4 protein chains.
Amino acid sequence: MTADRKAGQSMGSVFPHLITQDLPTMVSVKDADFSSVDAVFCCLPHGTTQDIIKGLPRHLKIVDLSADFRLRDIAEYEEWYGQPHSASDLQKEAVYGLTEISREDVKNARLVANPGCYPTSIQLPLVPLIKAKLIEHRNIIIDSKSGVSGAGRGAKEANLYSEIAEGIYSYGVTKHRHVPEIEQGLSDAAQSKINVSFTPHLMPMIRGMQSTIYVEMSQGVTMEDLYQQLRKSYEDEEFVKLLDKGVVPRTHNVRGSNYCFMNVFPDRIPGRAIIISVIDNLVKGASGQALQNLNIMLGYPENTGLLYQPLFP
Amino acid sequence: MTADRKAGQSMGSVFPHLITQDLPTMVSVKDADFSSVDAVFCCLPHGTTQDIIKGLPRHLKIVDLSADFRLRDIAEYEEWYGQPHSASDLQKEAVYGLTEISREDVKNARLVANPGCYPTSIQLPLVPLIKAKLIEHRNIIIDSKSGVSGAGRGAKEANLYSEIAEGIYSYGVTKHRHVPEIEQGLSDAAQSKINVSFTPHLMPMIRGMQSTIYVEMSQGVTMEDLYQQLRKSYEDEEFVKLLDKGVVPRTHNVRGSNYCFMNVFPDRIPGRAIIISVIDNLVKGASGQALQNLNIMLGYPENTGLLYQPLFP
Amino acid sequence: MTADRKAGQSMGSVFPHLITQDLPTMVSVKDADFSSVDAVFCCLPHGTTQDIIKGLPRHLKIVDLSADFRLRDIAEYEEWYGQPHSASDLQKEAVYGLTEISREDVKNARLVANPGCYPTSIQLPLVPLIKAKLIEHRNIIIDSKSGVSGAGRGAKEANLYSEIAEGIYSYGVTKHRHVPEIEQGLSDAAQSKINVSFTPHLMPMIRGMQSTIYVEMSQGVTMEDLYQQLRKSYEDEEFVKLLDKGVVPRTHNVRGSNYCFMNVFPDRIPGRAIIISVIDNLVKGASGQALQNLNIMLGYPENTGLLYQPLFP
Amino acid sequence: MTADRKAGQSMGSVFPHLITQDLPTMVSVKDADFSSVDAVFCCLPHGTTQDIIKGLPRHLKIVDLSADFRLRDIAEYEEWYGQPHSASDLQKEAVYGLTEISREDVKNARLVANPGCYPTSIQLPLVPLIKAKLIEHRNIIIDSKSGVSGAGRGAKEANLYSEIAEGIYSYGVTKHRHVPEIEQGLSDAAQSKINVSFTPHLMPMIRGMQSTIYVEMSQGVTMEDLYQQLRKSYEDEEFVKLLDKGVVPRTHNVRGSNYCFMNVFPDRIPGRAIIISVIDNLVKGASGQALQNLNIMLGYPENTGLLYQPLFP
């Protein structure tokens, strides 16, 4: 376990809820001995990540939770993150780890770019529908809502309790850094460039993410077709669940777990449908999917360490 | 002050935050003496409202906060509320009191139907844009988020703290009873029938409402045109504020006040725009607008009793 | 799995966060076949519990989560619960299951009365200190704070989100039904009657309970003595943890887990000390301790099913 | 209106909930022209305050909201605040502004030291009881609970939403800087030195403060005596309210207002009583009381600008 600012401290002093666990003291990355390590979760800020991973031994399996290897197009990375990419070879090697969609590629990967939380909640329902040509590529409107924990533990005025509790707002209207990642995934599925409308909102809650997605169905397609396609895509999946018809997914019901719950609803406007998906942004949207990916890379049962059920209430 | 279940109690025992105020004991409606009363706020469940108002003396000015007189089309009322309307004459007399839009009619009204909270947050930005023919009538997507207080004080499992806190969900997808009210207002503005996509979401907060509205601009129209139209519509209004360009409206910033803050943003999809409006659902979305209407009906300064500034943090 | 109002429903429809688990449909208690059942968790309202348990086959191991078998003194039960006790024989048979204190008795029990949440958080630190004669029996002041989930899922106005969020209050000042249970446990430890001051407060949070306990140390005793006694009492326990000196227990750090964290602090008033203990009221304060007890009764490893770590943030 | 980091900005950009008010742009303190100013609220960090106030013209009435002039004993200030006091003359001139207790002194004051939030909630009930010799000076146990806003708007990890929501903890056990202020006020009332036990707890709420105070009654005194004393002390006060017997004060019921609600309860331990007082820590605990003091200093009606009623729900 490595740390930067907190190197030398015990895990229990940084995260007191873990004091009961016998965990190693944190060391600085440069002092870590990787020779007896099989795999690494890399949870560093974008930019830093590239440099660290370049220096790691090649025998390591790596799941990277930053944004550094998610975008295939280096130019796009530079545009959205405001800095050049210094590890384009690693970028080419990296596999985008949206587990249920790219499980086969993850199996053989050495470096997995773990998806962002918003892109996970959005691509899981949309990719199968786009691949099956059931929805139009135009006018995909995504209104997402996220808990605050996605912003990390940095001390920012904007994320103080008194600023967040009892109110909501949209941030990064049309300009959130997850946009290119979402469009990359949907465009791949469509085999043509898709632009989406994406508006993230900050909710007064710690965990949880909902994407409410408004789509136009292709000519002649019905809501039932969408439902059946999603059923077929995910009926054998442990962590992605299409709910019974009419049942609304709630973030409460996936809190603390690796599940994604989703469903499809008819819209009042003829020819349109509404798709809702929910995840815990810190689990399926981050560390849970990372573990799921590593399990696959190492040949472990995919649900190892992921059997925690949702915490409700 | 009348009450049903709580007749005979003091206001301070029902709402202990008001114990410092010298308020009359609550009486049953049937025991109320309306002869020396000038005006009435009627805050009863739909259905009940009709019957009570029919029996009130004609000299009273009435602002009704229920849904009973909001829909001009009685058949539509019956369809959405599941019961026949028993006071169609009153319905014809009633003026729909979206203050900034129908101030002139409110002036001369005896009975004002106070708008619902969602319809207020949605019509205030959309009506001027539709009237000015700046946006298309098709594909208006409205994703609304509301605090829990809108559901009232009834004891329902769904609204317990443990069910609401730390999670969100959509309710009444496409079927919320405010739909016909919204469509009536927009269709009036358009002078043709408009169907909207409307999805309300329940937020873990007491007060506050945001509508995020996704629209297609008319041919040749720019976001700047939308901004200028809203500026023109509301620049002389005390309670409706178009924010500076780029500033995101937040429910935190109107909490406890009668303000509606709004703004317009460009969308990533060319030709589309995103409109955000926020209100306090209990004030501009209910009792505040009711008071604003009554002030107008009685010839008082419109902001009488409405100078409370937002409570932040 | 039995249910009353919800008999015939699937678990997933009552608790949608469990839809992924293959659980039996709920049946009415009277329709349950207990012949192939080894053990029962009884989670019924007080009063009802007595009658149901009287009718259960004698081969069953039972952990009862109600208050019905916690008080040895039937007269006291009747005084605090306002109804006669109809199963005094069962009461005599029942073992009070504060696991770490009465593990040996639990081993051989057929019927365990699972402690209340407040009594658990209070007795765990106080019983060893009283037994070791380190604190005075007089002037024990207990100021407890609890999340709302302790009140259950019943639809009560008092527990609505809008009534609970963003405020606190004390309820049942000096009259909470957990008082006799607390005094029984402390008096047993003291071998003389102890009266305590106990004030519970309701917090705007779902889970979590803290007891802040103000005690007078016995003549010549120091805070260090208290600390060492608690260390000795719990150093081999998996679920009860004395924190490092000076570290404040936080309910955040036990949320969703069966842990009790505690610590002792010096008071400004010479001769006094402050003890703080925290638990998750639904886990160590209810179902977690129940499972811990059943594990012991059945000879399973005590932590079976209890390895969930705290969910933070 | 002065500012340091934010000088040059409009109020609306710092606090967007105030954009509708026509407020002056903020200037640096050193650029402020005090010649046409009558009075000043000084809301600076302790330490800074002393230096700024020393430099202000003598014609100004000043209400200082920092801790710099609250402690009469400079040595005590230095001990608790870790720095020498550089304005002992001003300290001697300052009047401690617990309005209802020291209104006569405030009338003639030029410089008022506005009390801290905890000390306000604690002294209002205790000072009259101590003066009337109704409670013992020993074993006064104060368990206080505060919303997070008391910590200010500084960006600290500890006050992030994800650290605060859904949990509680005690901070500064026995060492909170409000201790000497509380003990000074109570000792003044007793005319002998009083040491109290004071434990503040942080609540997952923005505003609100409750002090639960456990006291020993003097020989022969009853709870009714305490109640009658408080009634007599506050029956003519607009902002301090003794509730009806048995009614529990709730922070919800004073939110956003300048009220202090209090009540007295019997304790289970004979001879003891429990006192509960609640305030909004930002209003009666800070800016509201400051305004109340200034109104008195300037000869205005004491409630000018303070008629905001509690915001509930």
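The sequence lines fix the lettering, A, B, ..., with proteins before strands; numbering per chain opens at 1. Predicted model only: the values in this text are computed from it and were never measured.
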Member of D/D143, D/V248, D/T212 meeting the side-chain contact (heavy atoms from CB on, under 4.5 Å) criterion with C/H201: D/T212
If every non-hydrogen atom of C/I206 is compared with every non-hydrogen atom of D/E166, which pair is closest and at what distance? N-OE1, 2.7 Å
Of C/H252, C/E183, C/K175, the largest count of non-hydrogen pairs under 4.5 angstrom with chain D goes to C/H252
Side chain, backbone, both or neither: which part of C/Y171 has a non-hydrogen atom closer than 4.5 Å to chain D? neither
Looking at side-chain heavy atoms only, is the closest gap between C/Y214 and D/T199 below 4.5 Å? yes
Which pair of non-hydrogen atoms, one from C/P204 and one from D/M205, has the smallest distance, and what is that distance? CG-CB, 4.4 Å
Which atoms of C/I140 are under 4.5 Å from chain D, going by heavy atoms: the side chain, the backbone, both sets, or neither? backbone
Counting only heavy atoms closer than 4.5 Å, note whether C/I168 contacts chain D via side chain, backbone, both or neither. both
Side chain, backbone, both or neither of C/I164 within contact of chain D (heavy atoms, under 4.5 Å): backbone
Quick one: closest heavy-atom pair of D/S170 and C/I276, and the distance? CB-CD1, 3.8 Å
Mind listing the closest non-hydrogen atom pair of D/P313 and C/S162 along with its distance? CB-O, 3.6 Å
Can you tell me how far OG of D/S197 sits from CD1 of C/I269, rounded to the nearest 0.5 angstrom? 5.0 Å
Highest number of heavy-atom pairs under 4.5 Å with chain C among D/R138, D/M203, D/K145 belongs to D/K145
At a heavy-atom separation under 4.5 Å, does C/N253 approach chain D through its side chain, its backbone, both, or neither? neither
So with a 6.0 Å cut-off around NZ of D/K133, is the heavy-atom count from everything else above 12? no
Which heavy atom of C/Y169 sits nearest to which heavy atom of D/P249, and what is that distance? CB-O, 4.1 Å
Check whether C/V179 gets within reach of chain D through its side chain, its backbone, both or neither, counting any heavy atom under 4.5 Å. side chain
Under 4.5 Å from a heavy atom of chain D, the part of C/E216 involved: side chain
